Amino acid sequence: MEQPVIEVNNLVKIYGKRSTAFTALKKINLEIKEGESVAIVGKSGSGKSTLMHLLALLDRPTEGTVTVDGIDSTKLTNRQLNKLRNQSFGFVFQQFFINPQDSVLDNVTLPLKIAGKRRKVRRELAMKALRTVGLTDRAKFKANDLSGGQKQRVCIARAIVNDPKILFADEPTGNLDSTTGDKVIKLLFGLQKKGVTLIIVTHDEDLAMMCDRQIRISDGKIVEDSTTKSRKAKKTTSKTAKAKNMPKSKSTKKQTAKGDK
């Protein structure tokens, strides 16, 4: 049996203590396969962003485990966690989190700098990532001089520059117009076709339904875990069954009778 790329067991996250304690996540159990696209959907305060932060190892759970590629992250030191994140994960957020006064190239090379890559290697990998998002001609521009859509594409280039196994996207189209948002979505799912696992937190139902799977969160619990493909298959099957069971029209009956003769 194929090992999940992320496995979560009895995950609990509590903020505050005693009288001020708030349980954001309650005994979450979850498996995500390599190459899947997963949408985490829920209202504000439902716990969806908390879940993403724990899956992405940006925060530690109060109880339970998050296992990445067979490694129990709760047993790792902060240094080991940082290394695992840097090597395996990419991040795209609604707020761009890029340095506006640095060049596009410098913003994209940042994860490689943290990883200790040589300058020549950093440049080569960053230009390759910028080529993927169609921004090689903006490499020397200051990030502040780009449009919102271009800034988001810079974020995607920075997210993929380390060739991550898993890409986390938190409302990746939230600050974009529909045309630019469509381009960003196309880029993200293009990465999935190359084998990257996509985990997307979104309010956008249309975007959620583009994913292989939708995980709906309410009051810190998973209330639905469904697969788009299986629903489509059920819909097709029910339509076929309905068509078979429908009574034939008079014209159809006549044609059938003629054919029998």
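Quantities reported herein were computed from a predicted structural model and do not represent experimental measurements.
Nearest heavy atoms, Ala129 versus Val108: CB-CG1, 4.4 Å. The two residues Pro111 and Val161 make their nearest non-hydrogen contact at CG-CG1, 4.0 Å. For the residue pair Val8 and Ile28, the shortest heavy atom distance occurs at CG1-O, 3.3 Å. In this structure, Asn78 and Arg60 approach most closely via the heavy-atom pair OD1-NH2, 3.2 Å. Listed here is the closest heavy atom pair of Lys140 and Ser103: O-CB, 4.1 Å. Across every non-hydrogen atom of Ile98 and Cys155, the tightest pair is CG2-SG, 3.8 Å.
No more than 12 heavy atoms of other residues, nucleotides or ligands sit less than 6.0 Å from atom NZ of Lys142.
The cationic atom of Lys13 (NZ for Lys, CZ for Arg) lies less than 6.0 Å from the six-membered ring centre of Tyr15 and within 45° of the ring axis. Geometrically, Arg85 does not engage Phe89 in a cation-pi contact defined by less than 6.0 Å to the ring centre and at most 45° from the axis.
Atom CG in Leu30 sits 12.0 Å away from atom CG in Asn10 (nearest 0.5 Å). Rounding to the nearest 0.5 Å gives a distance of 10.5 Å between OG of Ser178 and CG of Asp204. Summarising the geometry, atom CG belonging to Leu54 is positioned 8.0 Å from atom OG1 belonging to Thr62; distances are rounded to the nearest 0.5 Å. Here the OG1-CG distance, from Thr197 to Leu191, works out to 11.5 Å after rounding to the nearest 0.5 Å. With values rounded to the nearest 0.5 angstrom, Arg213 atom CZ is found 6.5 Å from Thr227 atom OG1. A distance of 10.0 Å separates CZ of Arg153 from CG of Leu130, quoted to the nearest 0.5 Å.
Checked options Glu124, Arg123, Lys117; the residue passing with Lys120 is Glu124 (criterion: side chain to side chain contact (heavy atoms under 4.5 Å, CB included)).
Using cut-offs of 30° and 60° on the angle between ring planes, the pair Phe91 and Phe168 is parallel.
In this structure, the side chains of Leu51 and Leu11 come closer than 4.5 Å at one or more pairs of heavy atoms. Inter-residue side-chain proximity for Lys43 and Ser218 is flagged as unmet; no heavy-atom pair is nearer than 4.5 Å.
For Ser37 (side chain) and Asp212 (main-chain N/O), a donor-acceptor pair under 3.5 Å exists by modelled atom type. In this structure, Thr77 contributes its side chain and Gln80 its backbone to a donor-acceptor pair below 3.5 Å. Of the possible donor and acceptor atoms, none in the side chain of Lys113 sits under 3.5 Å from a partner among the backbone N and O of Arg122. Panel note: side chain Asn162, backbone Pro164; no donor-acceptor pair is recorded below 3.5 Å. In this structure a side-chain-to-backbone donor-acceptor pair under 3.5 Å is present from Ser147 to Gln150. Glu34 places no side-chain N or O within donor-acceptor distance of the main-chain N or O of Gly195, the cut-off being under 3.5 Å. Side chain of Thr65 to main chain of Thr67: no donor-acceptor pair is present (N/O by atom type, distance under 3.5 Å, no hydrogens or angles).
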Note to self: Phe189 vs Leu207, test: side chain to side chain contact (heavy atoms under 4.5 Å, CB included). Steps then yes/no.
What the structure shows: CA-CA 11 Å; Phe189 285 99; Leu207 174 54; 3.9 Å; yes
Margin query: Go through it in stages, so that I can follow the logic: the residues are Cys211 and Leu198, the test is side chain to side chain contact (heavy atoms under 4.5 Å, CB included), and I'd like the CA-CA distance, side-chain angles, deciding distance and then a yes or no.
Written below: CA-CA 9 Å; Cys211 295; Leu198 283 184; over 6 Å; no
Margin query: Run the side chain to side chain contact (heavy atoms under 4.5 Å, CB included) test on Leu25 and Val12 for me, step by step, so that the C-alpha distance in whole Å, both residues' side-chain angles and the decisive distance to 0.1 Å come before the verdict.
Written below: CA-CA 5 Å; Leu25 291 179; Val12 175; 5.8 Å; no
Item checked: Criterion side chain to side chain contact (heavy atoms under 4.5 Å, CB included) on Val66 and Thr74, from CA distance to verdict -> CA-CA 7 Å; Val66 179; Thr74 56; 5.5 Å; no
